[in-house]
Number of protein chains: 2
Amino acid sequence: MDTQVRDETGEGTPRWGERQTAVLEAALSLLVEGGERALTTAGLARRANCSKESIYKWFDDRDGLLAAMVAFQAGKVRAPSAGERPMGREAFRGNLVTFAHDLLDVLAGEVSLAMNRLAIGTASREDARLGRLVLERGRRLIGIRAGALIEAGRSQGFIAYENRDDAFRTLYGLIVQDMHVRLLLGETLGADERDFARRASKAVDRFMHLYGSDAARGQTEETEGN
Amino acid sequence: MDTQVRDETGEGTPRWGERQTAVLEAALSLLVEGGERALTTAGLARRANCSKESIYKWFDDRDGLLAAMVAFQAGKVRAPSAGERPMGREAFRGNLVTFAHDLLDVLAGEVSLAMNRLAIGTASREDARLGRLVLERGRRLIGIRAGALIEAGRSQGFIAYENRDDAFRTLYGLIVQDMHVRLLLGETLGADERDFARRASKAVDRFMHLYGSDAARGQTEETEGN
DNA sequence: GGAGAACCGTACCGTACGGTACGCAAATTT
DNA sequence: AAATTTGCGTACCGTACGGTACGGTTCTCC
């Protein structure tokens, strides 16, 4: 069992004990296998060989358990902040490709898909606490990491843009396309779509094509004319 | 027993009766307001001023109701197949922008979001019937429409590509970016992101930038060789 | 006007789930 | 060794939901 203790971003990570970690792992497996409907306290207790009472003692109630699962899973997906020091053009492109590949891997992962399905399925116009949590613990970190990378590339003169968030979102769209929602809806990817390395490379090519500031290619004008 | 109104004329609209339509409308409103948890048969009967028995008579069971809701909602979002006849370059671009704007409007619509949340929330690795249905009745039609439009543009020499599906997915990514999943998770768009007209225009600009094949820009050679 | 279908409202049933209580065994402490 | 803690397993409770049954009312058609 993976009993590593991880404390990062000292933002109140409760640092679960070994037993609790095992329970969370069991909960994730249950969720992956059967979706939200399969994640019942009784089922979890059976799967994890613990008592329902312990579950409620550790996580208060079902919402607490779900929140703990989100935090737990988010903590496992570590995001190395590559791209701090100065780098060459090719290294920059390589960092982008690595980011793209990692992103595709994460989003297509079964556990990530299950957690997103859970958060989305329980979300509504009013109540979207789990959704906020997923966005905060997952999406936001990705954006920060990519934002820093992009910013570094800009400061080095490899790319040019006006709005960093917009540039990031464009990169994101080029990488992910419509894959995420399709996977969330249960579709299986075609053979060509599963080649994440190729997709990452192509996406970065296109991104550089749009935002690259090398040749006489026009400087990504903003089409203010609308 | 099955001599009810439900005649599926091939792919055509199932043509529910007036009463059933009202019930489906009520079901959608219920779903939009409170998510899946709010969509109970008792609640629906109360909202629609009908009896539970009638609901089960018309839609068999809950799954039948959900399927009917998907078909019903998909039928309301009719996609005009614009772009058949020959058109000029500007008309082509205009069609693309219109498509992009429509797409953003649809995806950001409350009803669409609620239906997608429902389909995603009930999906899992094994069972994703609703998801399939949404993909088939919604996403697929969008792809067909856009595919035809793109193909028309290519045959007229405005754009060039090798793989139409890939070109469409790129266009999709440029338009939607990460907006859809973020909305599904309950996030509200920033002020700048809500300007769909501007976003559509920019997305099409970028798409033409990548795939445009006119003389002035130089034929963007796609870097398909990877 | 009468027979019959459609249908509303409500009561009802079985089940499944969230959450609690308790008995008992093993581990830990004193 | 006694006392305390921890936690497993099970039984239990209340509720809410899917689905069914039934009486009464309106509408339709002959």
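Predicted model, so just to flag it, every value in this text is computed and none were measured. Lettering follows sequence order; numbering is per chain, from 1.
The shortest heavy-atom contact between A/Ala68 and A/Trp16 is CB-CZ2, 3.7 Å.
Nearest to the side-chain atoms of B/Trp58 among the listed nucleotides C/dC8, D/dG7, C/dG18 stands C/dC8. Proximity note for B/Lys57 (side chain, C-beta onward) versus C/dG19, D/dG19, C/dA6: the nearest is C/dA6. Minimum atom distance to the side chain of A/Thr40 is reached by C/dC17, of the listed C/dC17, D/dT6, D/dC8.
Under the 4.5 Å side-chain criterion, counting only non-hydrogen atoms from C-beta, A/Ser201 is in contact with A/Arg93. Between B/Trp58 and B/Leu65, the closest side-chain pair of non-hydrogen atoms is not below 4.5 Å. Contact of the B/Phe72 side chain with the B/Leu28 side chain is registered, since non-hydrogen atoms from C-beta on lie closer than 4.5 Å. The shortest side-chain heavy-atom distance between B/Asn116 and B/His180 falls under the 4.5 Å cut-off. Counting heavy atoms from C-beta on, the side chains of A/Val134 and A/Arg139 never come closer than 4.5 Å. Residues A/Leu174 and A/Lys202 form no side-chain contact, since every pair of their non-hydrogen atoms from C-beta on lies 4.5 Å or further apart.
Atom P of nucleotide C/dC8 and atom CD of B/Gln20 are separated by 10 Å, given to the nearest angstrom. One atom, OH of A/Tyr56, and another, P of D/dG9, lie 16 Å apart when rounded to the nearest Å. Distance, A/Phe59 CZ to D/dG7 C1': 14 Å, rounded to whole Å. In this structure, CZ of B/Arg62 is placed 10 Å from P of D/dC17, rounded to the nearest angstrom. Distance A/Arg37 CZ to D/dC17 P: 13 Å, rounded to the nearest Å. Going from atom CG of A/Leu65 over to atom C1' of C/dG18 covers 12 Å, rounded to whole Å. The CD1 atom of A/Ile55 sits 13 Å away from the P atom of C/dT20 (whole-angstrom rounding).
Taking every heavy atom of residues 44-53 of chain A and every atom of DNA chain D, pairs under 4.0 Å involve A/Asn49, A/Cys50, A/Ser51, A/Glu53, by number.
In this structure, B/Arg19 reaches the C/dC8 phosphate: one of its side-chain N or O atoms is under 4.0 Å from OP1 or OP2. One finds a side-chain N or O of B/Thr41 lying less than 4.0 angstrom from the OP1 or OP2 phosphate oxygen of D/dG18.
Under the 4.0 Å criterion applied to side-chain N and carboxylate O atoms, B/Asp166 and A/Arg206 are assigned as salt-bridge partners.
One end of the helix from C/dG1-D/dC30 to C/dT30-D/dA1 points its axis 10° away from the other end's axis, with each axis taken from 5 pairs and the angle rounded to 10°.
The line from CD of B/Gln177 to CZ of B/Arg199 is 5.0 Å long, rounded to the nearest 0.5 Å.
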